[in-house]
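A short write-up of the structure that comes next.
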Amino acid sequence: QLFCVMSSYEFLPSLSLFASVFYYTYVWHNPESWAKLVAPSDPALMMSKVSSVLRLLQYAGGFAICTLSLSEYPVWVYLLCFGLIALGQAMNIRVYQLLGVEGVYYGVRWGKKIEWVTAWPYSMCSDPQYIGSMLTLVGASPFLPWHYTTCGLVTYILLIYLESEVPTKKTTPNPRKNNNKRRR
């Protein structure tokens with residue numbers, strides 16, 4: 001039933017959301033394989049580039065299927081949506097400022113030392129990059145098809161779960177259990 005209500009131009013953006021989950025899952029569980037695949041380049045930097053392409057596809061897909069009518073909702077809805085989007089993006093920007101490319105893109109999986117961060121937004125929640133992305137998506141949800149918003153929220157929840165434990169085949173320390181401090 002879900003796919004029956006989506007046209008092909010709506011299905012492809014939703015598919016791009018799930019593609020990122022498969023990609024992140026692969027890299028998280030196979031860091032040495034990813035490092036060999038992109039060698040001699042830095043694996044975190046290459047991951048950021050691939051992730052940027054995936055994110056561009058997601059944003060382009062979201063914009064392609066969004067409906068924005070300035071008379072469809074009361075003004076307070078637009079203000080709330082803008083506030084959620086602004087807060088979500090502020091959280092994402094701050095995570096990048098605090099952790100850098102290596103911290104955001106699994107540098108710890110390649111044995112890189114990433115400083116523990118407790119400043120905002122980590123003082124507010126344990127997964128601020130994903131929570132920020134979810135706030136952005138919820139802020140945009142009145143203008144997106146329900147299935148796109150739902151797919152997006154499900155992908156972020158899956159990624160939070162995915163990164164909650166470090167796979168045992170890699171001997172790097174678990175970033176979530178050391179010293180009760182947070183990082184991506």
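Values below: every heavy atom of this structure, side chains too, minus hydrogens, waters and symmetry copies.
Between Asp127 atom CG and Leu159 atom CG the span is 10.0 Å, to the nearest 0.5 Å. Atom CG in Leu54 sits 10.0 Å away from atom CG in Leu17 (nearest 0.5 Å). Atoms SG and CG, from Cys81 and Leu135 in turn, are 11.5 Å apart once rounded to the nearest 0.5 Å. If you take OG1 on Thr155 and CZ on Phe18, they are separated by 6.5 Å, rounding to the nearest 0.5 Å. Rounding to the nearest 0.5 Å gives a distance of 15.0 Å between OG of Ser16 and OH of Tyr23. Summarising the geometry, atom CG belonging to Leu57 is positioned 10.0 Å from atom CG belonging to Leu15; distances are rounded to the nearest 0.5 Å.
Here the shortest heavy-atom pairing between Met47 and Tyr24 reads CE-CD2, 3.1 Å. Smallest separation of non-hydrogen atoms from Val108 and Ile114: N-CG1, 4.2 Å. Taking each heavy atom of Glu165 and Trp28 in turn, the nearest pair found is O-NE1, 3.1 Å. The two residues Pro121 and Val95 make their nearest non-hydrogen contact at CG-CG2, 4.0 Å. The heavy-atom pair separating Gly62 from Leu144 by the smallest distance is O-CD2, 3.4 Å.
The hydrophobic clustering, which links ILVMFWY residues whose side-chain heavy atoms are closer than 4.5 Å, places Ile157 and Val138 together. Note: the hydrophobic cluster containing Leu56 does not contain Tyr148 (ILVMFWY, side chain heavy atoms under 4.5 Å, direct or indirect links). Following chains of ILVMFWY side-chain contacts shorter than 4.5 Å, one cannot reach Val77 starting from Leu79, and the two form parts of different hydrophobic clusters. In this structure, Val104 is not a member of the same hydrophobic cluster as Val53, with clusters built from ILVMFWY side-chain heavy atoms closer than 4.5 Å. Residues Tyr106 and Tyr96 share a single hydrophobic cluster, defined by chaining ILVMFWY side chains whose heavy atoms lie under 4.5 Å apart.
Centroid-to-centroid, the aromatic rings of Tyr105 and Trp34 stay 6.0 Å apart or farther.
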Side-chain donor-acceptor contacts of residues 82-92 below 3.5 Å, not counting sequence neighbours, with atom names and distances?
residue, atom, partner, partner atom, Å
Gln89, NE2, Thr136, OG1, 2.9
Asn92, ND2, Gly88, O, 3.3
Asn92, ND2, Ser133, OG, 3.4

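A cation-pi arrangement, defined by a distance under 6.0 Å to the six-membered ring centre and an angle within 45 degrees of its axis, is absent between Arg94 and Trp120.
The stretch residues 42-53 participates, sequence neighbours left out, in these salt bridge (Lys or Arg N to Asp or Glu O under 4.0 Å) pairs: Asp42-Lys112.
Thr150 places no side-chain N or O within donor-acceptor distance of the main-chain N or O of His147, the cut-off being under 3.5 Å. Using a distance-only test at 3.5 Å, with no hydrogens or angles considered, a donor-acceptor pair links the side chain of Trp110 to the main chain of Pro31.
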* **CA sep, side-chain torsions, deciding dist, call: Tyr161, Tyr130, ring-ring contact (aromatic ring centres under 6.0 Å, His included)** => CA-CA 11 Å; Tyr161 173 76; Tyr130 293 137; over 10 Å; no

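Applying the side chain to side chain contact (heavy atoms under 4.5 Å, CB included) test between Pro43 and each of Leu37, Val27, Val38 identifies Val38 as the sole match.
Within a 6.0 Å radius of OH in Tyr26, more than 12 heavy atoms belonging to other residues, nucleotides or ligands are found.
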